[in-house]
Amino acid sequence: MRTALSIAGSDSSGGAGIQADIKTMLANGVFAMTAITALTAQNTTGVRDILEATPAFLGEQIDAVFEDIRPDAVKIGMVSSTQLIEVIAQRLTFHQAKNIVVDPVMVATSGSELMRTDAVAALQEKLIPLAAVVTPNIPEAQILSGMTIRDAADMERAARAIGDSCGCAVLLKGGHSVSDADDLLYADGSVQWFRGRRIPNPNTHGTGCTLSSAIAANLAKGFSLDQSVRRAKEYISGALGAMLDLGSGSGPMDHGFDIHSAFAEEA
Ligand SMILES: Nc1ncnc2c1ncn2[C@@H]1O[C@H](COP(=O)(O)OP(=O)(O)OP(=O)(O)O)[C@@H](O)[C@H]1O
Ligand SMILES: Cc1ncc(CO)c(N)n1
């Protein structure tokens with residue numbers, strides 16, 4: 001079985017972060033492992049509190065995984081501080097990690113801040129350059145490129161600017177300001193649109209985490225980057241299309257829509 005490591009924050013409400021990553025990796029057929037950067041006390045309405053791991057303890061989690069079950073891909077999500085970013089970059093370089101997907105998580109769907117502003121520079125200088133692909137949404141791409149994104153042409157310009165500065169591929173997610181389900185991949189000097197049918201589901205908590213983990217799972221299984229993005233978009237469309245409705249805010253998706261088995265039957 002292929003394996004993937006998620007380096008991310010825990011979401012107590014289970015729809016985003018580490019929990020979304022494990023569910024996504026399981027549903028996409030790979031063995032999921034984790035190195036937890038922070039615990040969040042959060043639900044669909046917001047983040048109440050954050051308890052960060054120490055950089056040393058995060059480093060130990062990463063080493064423990066690599067020294068025993070080497071991951072075929074690594075997904076990086078919420079990392080709130082410069083020190084945590086530095087330890088991840090250092091350990092992943094040491095272990096010569098492959099197929100790294102960086103989701104530059106800055107703000108939750110609920111609007112809560114998940115990264116300190118002073119950590120953005122370390123993310124850009126140390127972590128994103130290690131990535132096979134970085135997956136910003138529009139607000140994150142504006143911060144990383146320093147450009148304002150109003151339309152599809154702006155998305156293309158911003159994706160090129162980010163990709164040329166990090167030397168990695170960029171998947172700029174259409175997000176809510178342009179067109180929810182159309183994402184732009186900039187890789188090896190050319191751009192490609194991945195168009196998705198917009199699903200009228202207001203419950204989008206954890207969509208970014210889920211997409212990046214599905215990409216990592218598919219890279220772990222040996223698919224190319226474009227195939228991995230295409231398959232990840234199909235998976236997220238299925239998870240959104242299951243129309244799960246939990247919680248009073250923007251709720252989670254049904255990550256298991258395609259794998260419910262006899263054990264899922266209710267009494
Ligand atoms: N309503 C929708 N229907 C279909 N696909 C969607 C919808 N909303 C988002 N997506 C897709 O989900 C993926 C994640 O995109 P999104 O822009 O929501 O990420 P994000 O803003 O980083 O997520 P998060 O809310 O977790 O921070 C993209 O592939 C996007 O096209
Ligand atoms: C822990 C965590 N990571 C990422 C996100 C972004 O959706 C979130 N809400 N919580």
Side-chain angles (χ1 to χ4, degrees), residues 6-24 34-53 75-80 84 101-115 133-144 149 152 155 170-185 193-215 218 228-244 247 249-253 255:
S6 167
I7 304 176
S10 160
D11 167 12
S12 48
S13 64
I18 284 284
Q19 289 79 357
D21 298 343
I22 296 174
K23 294 173 194 182
T24 301
T34 62
I36 300 184
T37 58
L39 304 177
T40 71
Q42 84 173 282
N43 60 25
T44 63
T45 67
V47 178
R48 299 179 184 194
D49 208 353
I50 299 178
L51 179 65
E52 285 179 0
K75 172 254 156 93
I76 301 169
M78 172 191 171
V79 193
S80 43
L84 290 169
V101 180
V102 175
D103 183 17
V105 174
M106 294 176 191
V107 178
T109 314
S110 54
S112 315
E113 302 258 332
L114 295 172
M115 179 188 274
V133 62
V134 57
T135 63
N137 60 20
I138 287 180
E140 291 156 355
Q142 295 194 132
I143 292 169
L144 295 175
I149 301 175
M155 279 176 73
V170 180
L171 181 71
L172 208 172
K173 297 171 290 190
H176 312 272
S177 12
V178 176
S179 165
D180 269 343
D182 292 345
D183 304 338
L184 178 71
L185 179 67
W193 281 96
F194 288 83
R195 310 237 177 235
R197 189 174 56 86
R198 193 186 178 284
I199 294 147
N201 185 347
N203 297 307
T204 59
H205 181 84
T207 45
C209 308
T210 300
L211 184 78
S212 54
S213 291
I215 296 172
N218 281 291
S228 297
V229 170
R230 193 169 310 285
R231 291 170 65 89
K233 280 197 69 68
E234 280 168 23
Y235 171 72
I236 203 160
S237 299
L240 278 166
M243 302 305 272
L244 185 64
S250 178
M253 291 168 289
H255 290 95

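Treat the numbers as computed from the prediction; the structure is a model and nothing was measured. Note that these values count all heavy atoms, side chains included, but never hydrogens, waters or copies made by symmetry. Both ligands and their constituent atoms are indexed starting at 1 by order of listing.
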If you count the atoms of ligand 1 from 1 in the order shown, which ones are under 4.0 Å from a heavy atom of [X]?
X    : value
I199 : 1 (N), 2 (C), 3 (N), 4 (C)
I236 : 12 (O), 13 (C)
G206 : 26 (O)
R197 : 3 (N), 4 (C)
D183 : 28 (C), 29 (O), 30 (C), 31 (O)
L240 : 2 (C), 3 (N), 4 (C), 5 (N), 6 (C), 7 (C)
A181 : 4 (C), 5 (N), 31 (O)

Original post:
Say you draw a straight line from CG of D103 to OG1 of T135; how long is it, rounded to the nearest 0.5 Å?
Top reply: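 Here the interatomic distance stands at 3.5 Å.
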Subject >> Reported CD1-to-NZ distance for the pair I236 and K173, which is rounded to 0.5 angstrom >> reply: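 It comes to 8.0 Å.
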Original post:
Under the side chain to side chain contact (heavy atoms under 4.5 Å, CB included) test, which residues partner S80, sequence neighbours left out?
Top reply: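 Residues passing side chain to side chain contact (heavy atoms under 4.5 Å, CB included) with S80: E52, M78, L84.
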Subject >> Results of side chain to side chain contact (heavy atoms under 4.5 Å, CB included) for Q142 - residues two or more places apart only >> reply: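 With sequence neighbours excluded, Q142 shows a side chain to side chain contact (heavy atoms under 4.5 Å, CB included) to I138, T148, I149, given in chain and number order.
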**OP:** Check whether any heavy atom of S237 sits under 4.0 Å from an atom of ligand 1.
**Re:**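 Heavy atoms of S237 never come under 4.0 Å of ligand 1.
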Original post:
Counting heavy atoms only, which part of T207 comes closer than 4.0 Å to ligand 1: side chain, backbone, both or neither?
Top reply: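 Both backbone and side chain.
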Original post:
Heavy-atom contacts under 4.0 Å between V105 and ligand 1: side chain, backbone, both, or neither?
Top reply: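 No part of V105 is near ligand 1 at this cut-off.
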Original post:
Looking just at side-chain N and O atoms, do S213 and D21 make a donor-acceptor pair shorter than 3.5 Å?
Top reply: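 The answer is yes; a qualifying pair exists.
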Original post:
Does any N/O atom on N201 come nearer than 3.5 Å to any N/O atom on ligand 1?
Top reply: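 N/O-N/O distance under 3.5 Å: no.
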Check: [Y] main-chain N/O paired with [X] side-chain donor or acceptor under 3.5 Å:
X   : Y    : answer
T40 : S10  : yes
K23 : G14  : yes
T44 : S250 : no

Original post:
With sequence neighbours left out, what residues match R48 under salt bridge (charged side-chain N to carboxylate O under 4.0 Å, His left out)?
Top reply: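 R48: no salt bridge (charged side-chain N to carboxylate O under 4.0 Å, His left out) contacts found.
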Original post:
Going by heavy atoms in the side chains, are H205 and Q42 under 4.5 Å from each other?
Top reply: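 Sidechains of Q42 and H205: in contact.
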Original post:
Any Lys/Arg nitrogen of D182 or R195 sitting under 4.0 Å from an Asp/Glu carboxylate oxygen of the other?
Top reply: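 Yes, this pair counts.
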Tabulated below should be the N or O atoms of ligand 2 paired with protein N or O atoms at under 3.5 Å; can you produce that?
from	atom 1	to	atom 2	distance (Å)
ligand 2	9 (N)	Q42	OE1	3.2
ligand 2	10 (N)	Q42	NE2	2.9

Original post:
Heavy atoms only: which of V107, N137, T204 is nearest to atom 21 (O) of ligand 1?
Top reply: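 The residue whose heavy atom sits nearest atom 21 (O) of ligand 1 is N137.
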**OP:** List the steps, then state whether side chain to side chain contact (heavy atoms under 4.5 Å, CB included) holds for V47 with D11.
**Re:** CA-CA 9 Å; V47 178; D11 167 12; over 6 Å; no
